[in-house]
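I have placed the structure first, in the form of structure tokens, so that the comments after it can refer back to it.
Every heavy atom of this structure was used, including side-chain atoms; hydrogens, water molecules and symmetry mates were not. From a predicted model like this one, the values you see are computed outputs, not experimental measurements.
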Amino acid sequence: GGYDMGELSPNSPVKELASFPQDLVLVGRATVLIKGIAARLGVKWSLAKEWAPIAREVLNQGGVKREERMRFRTVAGTFRQWAGGRVIMVANNLPTPLRRRLAAAALRLRKLRGLDGDGDSSASASASS
């Protein structure tokens with residue numbers, strides 16, 4: 001107790017440190033950057049949840065297992081989530097006539113890809129009106 005949160009305060013806990021490992025400085029900077037980027041892009045992503053299994057393994061002296069590393073498909077899924085949110089945000093800011101055209105095109109694309117669940121074409125007719 002008795003510490004201040006300010007780094008330059010005379011009661012700062014930083015004054016107690018004789019040295020600080022350079023590797024941890026870089027980890028801290030990377031953490032702040034990733035959290036800031038995720039927040040700015042609107043991606044709900046917890047670094048603590050992603051890093052917890054790796055940290056536990058390292059702390060247990062077992063090293064990092066290959067299958068626990070970040071996989072490309074995880075990164076790609078996060079990017080798709082971000083891109084989808086950005087498309088929706090941009091589409092919501094379009095004028096109404098353009099939004100209607102975009103909705104109609106999206107429905108046609110879903111139908112072409114076979115993603116239209118019940119094959120009902122009334123949804124596309126109601127979207128264009």
Taken to the nearest 0.5 Å, the spacing of L59 CG from E57 CD works out to 10.0 Å

State yes or no: do I37 and W82 share one hydrophobic cluster built from I, L, V, M, F, W and Y residues joined by side-chain heavy-atom distances below 4.5 Å, directly or via other members? yes

Residue list, side chain to side chain donor-acceptor pair (under 3.5 Å) with T96, at least two apart or on another chain: R99

With hydrophobic residues grouped by side-chain heavy-atom distances under 4.5 Å, do V27 and L47 end up in a single group? yes

Suppose we screen for side chain to side chain donor-acceptor pair (under 3.5 Å). Which residues come up paired with R101, at least two apart in sequence or across chains? none

Treating Ile, Leu, Val, Met, Phe, Trp and Tyr as nodes and any side-chain heavy-atom pair under 4.5 angstrom as an edge, say whether L94 and L107 lie in one connected cluster. no

Nearest 0.5 Å, what's the OG1-CG distance between T31 and L26? 10.5 Å

Between Q81 and K44, what is the shortest heavy-atom contact and its length? NE2-N, 4.1 Å

Going by the rule side chain to side chain contact (heavy atoms under 4.5 Å, CB included), which residues pair with L109 if we only count those two or more places apart in sequence or in a different chain? R113

Check for a donor-acceptor pair, side chain of W45 on one end and backbone N or O of A38 on the other, with a separation under 3.5 Å. no

Shortest non-hydrogen contact from R73 to R80? O-NH2, 4.5 Å

Quick check on the hydrophobic clustering: are V32 and I34 connected, directly or via other members, by side-chain heavy-atom contacts under 4.5 Å? no

